[in-house]
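Heads up, the thing below is written out as structure tokens.
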Amino acid sequence: MRIAILALQGAFAEHEQMMRKLGVETFEVRQAADWEQPKDGLIIPGGESTVMLKLLHELNLFEPIKRDIERGLPVYGTCAGLILLSKEVENANTPYERFATMNIRTCRNAYGRQTGSFFTTASMKGIAKPVPMTFIRAPYIDSVGEGVEVLAEVDGHIVAAKQGKQLVTAFHPELGEDTRVHELFINLIT
Ligand code: GLN
């Protein structure tokens, strides 16, 4: 198995480390030519969604990636990655088109400045015991549409969801030691 990791900006190195721990091969996607490589899935890391989108469009990566996700390439988006996959976004603050492949409505920078970054543990569907969750200027999912399964909620807000082979979390499992969310993604592929 070989996983592409979008490496334009943000916390991509931490996802690579997680995959290494799980014995899964990865490669970084920094320009259009990288996307030609064979792959079984894609991780879109956290970072700044506005910057990531601008770079995706400028580097001509947007169209080929969107097409492959629409054709069923498994994808895991954390935080900014979740924003990029959302059909609708409140406070998107960018003129650039998103992948918009997931039937979810997301509120960006949802927790405001004071509470934007916090740590908690909560249960997540498909994972046996509570999962550590680190939130950094996180979004949350306001509402989900057809075909979307809610996997986790914190304080009444949806923070993890799945639609087909698309997985999103508003939190950052790659910043901790717990590999179970990444394993969930790998299981989605195989
Ligand atoms: N607030 C960021 C954004 O809007 C997301 C934060 C993150 O990815 N940690 O893109």
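Position 1 is the first residue of the sequence, and the numbers go up from there. We count ligands from 1, going down the list as the structure has it; atoms in each ligand are counted the same way. Since the model is a prediction, treat every value here as computed from it, not as a measurement.
Only the side chain of H172 comes within contact range of ligand 1, with a heavy atom under 4.0 Å; no backbone atom does. Contacts between R137 and ligand 1 below 4.0 angstrom, taking non-hydrogen atoms only, involve backbone and side chain alike.
Close contacts between ligand 1 and I83 involve ligand atoms 3 (C), 4 (O), 10 (O) [criterion: under 4.0 Å to a heavy atom]. Close contacts of ligand 1 with I136, meaning ligand atoms under 4.0 Å from a residue heavy atom, involve 6 (C), 7 (C), 9 (N). Using a 4.0 Å cut-off to heavy atoms of G46, the atoms of ligand 1 that qualify are 8 (O).
Among all protein heavy atoms, the one lying closest to atom 7 (C) of ligand 1 is C79 SG, 2.7 Å. Distance from atom 1 (N) of ligand 1 to its nearest protein heavy atom, with residue and atom name: N109 OD1, 2.7 Å. Nearest protein heavy-atom neighbour of atom 4 (O) of ligand 1: R108 NE, 2.4 Å. Nearest protein neighbour of atom 10 (O) of ligand 1, counting heavy atoms only, is S49 N, 2.5 Å. The protein atom (non-hydrogen) at minimum distance from atom 5 (C) of ligand 1 is G47 O, 3.3 Å.
Considering backbone and side-chain N/O of T78, none are found under 3.5 Å from N/O of ligand 1.
No donor-acceptor pair under 3.5 Å is formed between the side chain of R2 and the backbone N or O of F27. The closest donor-acceptor contact from the side chain of T120 to the backbone of M133 lies at 3.5 Å or more, if one exists at all. Under the 3.5 Å distance criterion, the side-chain polar atoms of R71 are left unmatched by any main-chain donor or acceptor of K66.
For F62 and F99, the gap between ring centers is short of 6.0 Å.
A salt bridge links R105 and E90; the closest N-O separation between the charged side-chain nitrogens and carboxylate oxygens is under 4.0 Å. A salt bridge links E48 with R108; the closest basic N to acidic carboxylate O contact falls under 4.0 Å.
When every heavy atom of L61 is checked against every heavy atom of A32, the shortest pair comes out as CD2-CA, 3.8 Å.
For Q166 and T101, the side-chain atoms include at least one donor-acceptor pair closer than 3.5 Å.
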